[in-house]
Amino acid sequence: MNAENTSSSNESLNFIEEIIEEDLRSGRHSSIQTRFPPEPNGYLHIGHAKSICLNFGLAQKYNGKCNLRYDDTNPTKEEQEYVDSILSDVRWLGFEPDQVLYASDYFQQLYEWAVQLIRAGKAYVDFSTPEEIGVMKGTPTTPGTPSKFRETSPEENLALFERMKNGDFPDGHCVLRAKIDLAAPNMHLRDPYLYRIKHAHHHRTGDKWNIYPMYDWAHGQCDSIERITHSVCTLEFIPHRALYDWFIEKLGIFPSKQYEFARLNLNYTVMSKRKLLQLVQEGYVSGWDDPRMPTISGLRRRGFTPESIREFAKRVGVAKRENIIDVGLLEFCLREDLNKRALRRFAVLRPLKVVITNYPETNEVEWLETENNPEDPETGKRSLPFSRELYIEQDDFMENPPPKYFRLSPGGMVRLKSAYIIKCTECVKDDNGAVVELRCTYVPESRSGQDTSELKVKGVIHWLSAAHAKPAEVRLYERLFQLEDPAAEDDFKKSLNPNSLEVIDTALVESALSETLVGDLFQFTRLGYFCTDTDSNTEKPVFNRSVTLKDAWAKEVKKQ
RNA sequence: UGGCCCAUGGUGUAACGGUAGCACAGCAGAUUUUGGUUCUGUUAGUUAGGGUUCGAAUCCUUGUGGGCCAACCA
């Protein structure tokens, strides 16, 4: 009966899918329930995207459900701003939670379960200081020693815990601990904290609570309440699993099971929320959505598509081995997606004027057709104005070209894409010797589509009619860090790339681009993929370079 | 060095005791009015030793290497 739920193809499964298929096959579960449980203390990043794609993807694949559950058990770190951004990021990625829930929804239930544990003599209130408790926990090689509060009677603990809840004690005055095993090799079992006192305002429960549950006391039970069948988390929670199981067993509640996979690491970036927060707060980037940030909002603003990120998550796979993925793979996924969808447009980042000396008159304009996307003929064609004065890219001209350079040079010929072949007859320089203008002649019979010139030129470059080009600001990004693993340094900020952002405010674009909307995606022919930034205004659009095109010539130059 | 997790080309990931495959990256070529795309070919790998077996990446064992764990964080 689960035949439709399980994959029939011979496509290989990751280890979690194998577990799920076995659970479905054996009848342990008839359907699955997963969850994505972020703490709302920062913006989501590409590592979370992997987890989102995994949890929601699993639910989709096996006709199950996936909740979004905010793990909001620490009011001093959590904010509504983060709650909002998380849901919008999840939706933007293309997933809709079955339910949007909060750990704080369960504070009362959690409290009652703590009372139950105390009654059973399995939890006690400890007035020792954090330092004392730390010492009493022992070390991995030596067992811990019991606190003098460990044998307090359940009745007394009940009263004490009640007072904790009522706010009778100041912050940090005491904690509730589970009574488990002070000699356990797994340190998490040495009487872990269940509750701490915090007279703090919670973004949802307000001032109702003076005590807040710790992660370990909340997570498994929240999973259990939601009847999560497969609670998927990252490797560092492996030692917590014993506790997770212990609480569920002692409480006798729905047995959710925890499974751990290796978190995503990307080279040339940092992924910890703490470090990302630092970059934001100390002004190294413009905000959580700075296009250089590995946050989902940053990637979105940079021009990444949900499809490309989902494809990326699929390609990196799911396993238990620590990994560092090459950002090149992320970029590949974007190019692969955009190549099929992005409309091509002409833009000249660093203009060099070209005057076609044998072109009829200054005011003469010819309209030439060019494809919107050669990969997708259905997108049709558009017309580009051609005239006597043009702009080309400075990079497309060299006075003394190296071998194999087949763009424009003195006496050389090149094709202006979808237009004519031109020949450079003269280069005009300023007082410093810099080339400021090119004089060229065009070959009238070489017009694209009706070329009878018999000329063969290797180079094809993009161009813009000077009179029709519109000004634009273009922002070019490079990786934020110069080191593959910045976090491995004593100060990760030392390897920040000083050239990670280059603003070109004198770029020119074809007029079709002046009506662009924020988020529009384009390929600027021969330059890369760009998207319209939120800073755009009606005077001047702003474009972010999402990713360059692969550049075989740049590679060739590097070799020389 | 107490416990736990992990180890396959440069990077990821498959192979479930029976031909080490796929993707990205790299290299070479073809096509191309984007030095893009597409296509073709190709380089490169089982952490080490021992054991079980007709047969081991896979099972056992001992090393080695990496990671995690002793927050009133999650």
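Hydrogens, waters and symmetry mates play no part in the numbers below; they use all other heavy atoms, side chains included. Throughout, protein chains are lettered first and strands after them, A, B, ... in sequence-line order, and every chain is numbered starting at 1.
- Note on A/His240: a base of the nucleic acid sits closer than 4.0 angstrom, heavy atoms only.
- Between A/Tyr193 and B/C72, a side-chain N or O to OP1/OP2 separation shorter than 4.0 Å is present.
- OP1 or OP2 of B/C24 has not a single side-chain nitrogen or oxygen of A/Arg335 nearer than 4.0 Å.
- Nucleic acid contact class of A/Pro374 (heavy atoms, under 4.0 Å, all strands): base.
- When heavy atoms are screened at a 4.0 angstrom cut-off, A/Thr76 is found touching no nucleic acid atom at all.
- Separating the CD atom of A/Glu336 from the C1' atom of B/G36 is a distance of 14 Å, rounded to the nearest angstrom.
- Pairing of B/C72, defined by two Watson-Crick or G-U wobble distances under 3.5 Å, is not identified with any nucleotide.
- Among the atoms of the strands shown, only primed sugar atoms or phosphate atoms (P, OP1, OP2) are found under 4.0 Å from some heavy atom of A/Lys137.
- Note on A/Thr141: every side-chain N or O is 4.0 Å or more away from OP1 and OP2 of B/U1.
- Residue A/Lys555 has a polar side-chain atom (N or O) positioned under 4.0 Å from OP1 or OP2 of B/G26.
- Nucleic acid contact for A/Tyr405: base, since at least one base atom lies under 4.0 Å from a heavy atom of the residue.
- Using a 4.0 Å heavy-atom criterion, one finds that A/Ile238 contacts the sugar-phosphate atoms exclusively.
- Among the protein residues, A/Phe237 comes within range of the nucleic acid bases, having at least one heavy atom under 4.0 Å from a base atom.
- Here A/Arg415 lies in heavy-atom contact (under 4.0 Å) with a base.
- As judged by a 4.0 angstrom heavy-atom cut-off over every strand, A/Val457 is placed among residues making no nucleic acid contact.
- Formation of a donor-acceptor pair under 3.5 Å by the A/Thr205 side chain with backbone atoms of A/His202 is not found in this model.
- At whole-Å resolution of the value, NZ in A/Lys50 and P in B/G12 are 11 Å apart.
- In this structure, A/Tyr215 reaches the bases: a heavy-atom distance under 4.0 Å links it to at least one base atom across the strands shown.
- In terms of phosphate contacts, A/Lys198 brings a side-chain nitrogen or oxygen within less than 4.0 Å of OP1 or OP2 of B/C73.
- Comparing B/G12, B/G36, B/G35 by their closest approach to the side chain of A/Phe406 singles out B/G35.
- Residue side chain A/Trp553 meets the stacking definition with respect to B/G35: its ring centre sits within less than 5.5 angstrom of the base's six-membered ring centre, and the planes differ by less than 30 degrees.
- Pairing partner, B/A44: none, since no Watson-Crick or wobble contact has both distances short of 3.5 Å.
- Counting only heavy atoms from C-beta on, A/Lys320 has its side chain closest to B/C6 among B/C73, B/U33, B/C6.
- Residue A/Pro130 places its side chain closer to B/C72 than to any other of B/G12, B/U34, B/C72.
- Within the nucleic acid shown, A/Asn186 has no heavy atom closer than 4.0 Å to any nucleic acid atom.
- For B/G35, the OP1/OP2 oxygens have a side-chain nitrogen or oxygen of A/Arg526 closer than 4.0 Å.
- Within the 3.5 Å criterion, the main-chain N or O of A/Ser51 finds a donor-acceptor partner in the side chain of A/Asn55.
- The separation between A/Glu331 atom CD and B/U11 atom P is 18 Å, rounded to whole Å.
- Relative to the side chain of A/Asp71, the nucleotides B/A74, B/A15, B/U37 differ in distance, and B/A74 lies closest.
- Among the heavy atoms of the strands, none lies under 4.0 Å from A/Arg190.
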Protein N or O to nucleotides 44-48 of chain B N or O, pairs below 3.5 Å:
none

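- The nucleotide whose nearest atom lies closest to any side-chain atom of A/Asn323 is, among B/G2, B/U13, B/C73, B/U13.
- With a cut-off of 3.5 Å on both Watson-Crick or G-U wobble distances, the partner of B/G65 is given as B/C6.
- Among the protein residues, A/Ile324 comes within range of the sugar-phosphate backbone only, with heavy atoms under 4.0 Å from sugar or phosphate atoms but none that close to a base.
- At a threshold of 4.0 angstrom between heavy atoms, the contacts of A/Gln523 include nucleobase atoms, whether or not backbone atoms are also involved.
- Contact annotation: side chain of A/Glu322 to base of B/G12, donor-acceptor pair absent below 3.5 Å.
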